[in-house]
Amino acid sequence: MKKRPVVVVTRRLPDVIETRLRELFDTRLNLEDHPLSREELVEAVKIADVLVPTVTDEIDAPVLSQAGPNLKLIANFGTGVDHIDVEAALARGITVTNTPGVLTEDTADMTMALILAVARRIPEGARIIPEGKWAGWSPTWMLGRRITGKRLGIVGMGRIGQALARRAKAFGLSIHYHNRRHVPPKIEAELEATYWESLDQMLARMDIVSINCPHTPATYHLLSARRLKLMKPDSILVNTARGEVVDESALTRLIEAGAIGGAGLDVFEEEPAVNPRLVRLARQGKVVLLPHMGSATHEGRIAMGDKVIVNIKSFIDGHKPPDRVLPSML
Ligand code: 8YV
């Protein structure tokens with residue numbers, strides 16, 4: 001590939017990252033930061049040597065089929081790659097990279113924050129004083145649920161799941177997890193974590209369930225209506241992974257019916273659209289909804305940008321980029 005490839009970046013990135021990208025490559029930026037339309041995305045894949053997309057770009061097989069012959073690398077700004085048809089890209093000889101590792105701690109922090117927000121009713125309480133509704137303290141008012149001593153079931157014990165487990169353990173939660181395989185014995189011992197081969201059995205026994213697995217064909221609606229019904233009536237579901245892993249309508253129905261206690265959601269099936277019934281539940285204080293901000297820190301975004309640059313640099317220098325997405329990961 002040429003030394004100054006055309007790099008098309010689909011969204012605004014931190015200033016320092018955009019400056020560096022411009023110094024190194026023939027970079028085309030999206031200065032207004034509008035989400036690209038399908039036509040604009042097709043135009044981008046036609047002219048780019050390297051495309052730097054994000055979660056807001058649906059790079060499916062029909063888009064890829066219109067890619068120009070120069071497109072050789074998709075250097076995704078983000079860890080999840082479920083918005084990219086990676087198999088179709090690989091079949092066309094396009095390498096795909098992502099930015100793992102650098103958003104682990106921030107996402108785990110936000111997961112813990114959502115657990116506390118739902119259990120201790122933080123958003124509800126935080127509205128009282130600004131709305132001028134505080135009549136004074138009362139012993140039986142704004143009571144939430146203690147988290148210490150409760151059971152946390154983590155679905156997907158990768159980097160983020162483990163980082164969550166470390167935090168949750170410090171909060172006095174006991175750690176349970178379901179994963180394709182056991183984590184190494186040393187980590188299991190450190191976290192005092194219990195492995196559940198059966199997701200169904202784990203779900204039925206947890207007070208809090210957190211989704212921390214990627215969205216792949218195998219995890220689509222992993223938390224199906226049938227499985228959600230196994231959860232305890234006072235339990236809480238937290239999702240900072242991908243909306244598609246949970247059957248959002250079934251979850252909404254079960255919370256409305258009092259069959260699940262509440263939920264903390266940072267991700268949704270049809271972002272940025274959110275089911276109006278979920279929004280109603282948020283107004284009632286039964287769920288806490290965040291606009292996909294689990295990894296949204298200045299430090300994290302710069303680290304993600306640095307990874308994108310390293311992946312592009314190593315690719316054009318003729319090396320294998322460090323964060324290649326391989327078929328075995330899908
Ligand atoms: C990112 C995420 O903000 O990296 C991911 O997979 O879900 C987010 O934390 C987003 O994907 C950027 O593309």
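The figures that follow rest on heavy atoms only: side chains count, while hydrogens, waters and symmetry mates do not. Read the numbers this way: they start at 1 and go in the same order the structure lists the ligands and their atoms.
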Taking atom types as modelled, is there a side-chain donor on [X] or [Y] under 3.5 Å from an acceptor on the other?
X    : Y    : value
H292 : E271 : yes
T111 : T240 : yes
Y177 : Q162 : no

Taking only residues two or more places apart in sequence or in another chain, which ones pass ring pair (Phe, Tyr, Trp, His ring centres under 6.0 Å) with H182? Y195
For [X], the ligand 1 atoms whose distance to one of its heavy atoms is below 4.0 Å:
X    : answer
R301 : 3 (O)
H292 : 2 (C), 7 (O), 8 (C)
T54  : 13 (O)
L103 : 4 (O)

How far apart are the closest heavy atoms of V155 and M202, and which atoms are they? CG2-CE, 3.9 Å
Can you pull out the closest protein heavy atom to [atom]? Residue, atom name and distance to 0.1 Å, please.
atom                    : value
atom 1 (C) of ligand 1  : S295 OG, 3.6 Å
atom 11 (O) of ligand 1 : V55 CB, 3.5 Å
atom 4 (O) of ligand 1  : T79 N, 2.7 Å
atom 7 (O) of ligand 1  : R242 NH1, 2.7 Å

Residue pair R227 / L199, side-chain heavy-atom distance below 4.5 Å: yes
Got an N/O contact under 3.5 Å between G80 and ligand 1? yes
Evaluate F77 for polar contact with ligand 1, using N/O atom pairs at a separation under 3.5 Å. yes
Residues in side chain to side chain donor-acceptor pair (under 3.5 Å) contact with Q201, at least two apart in sequence or another chain: none
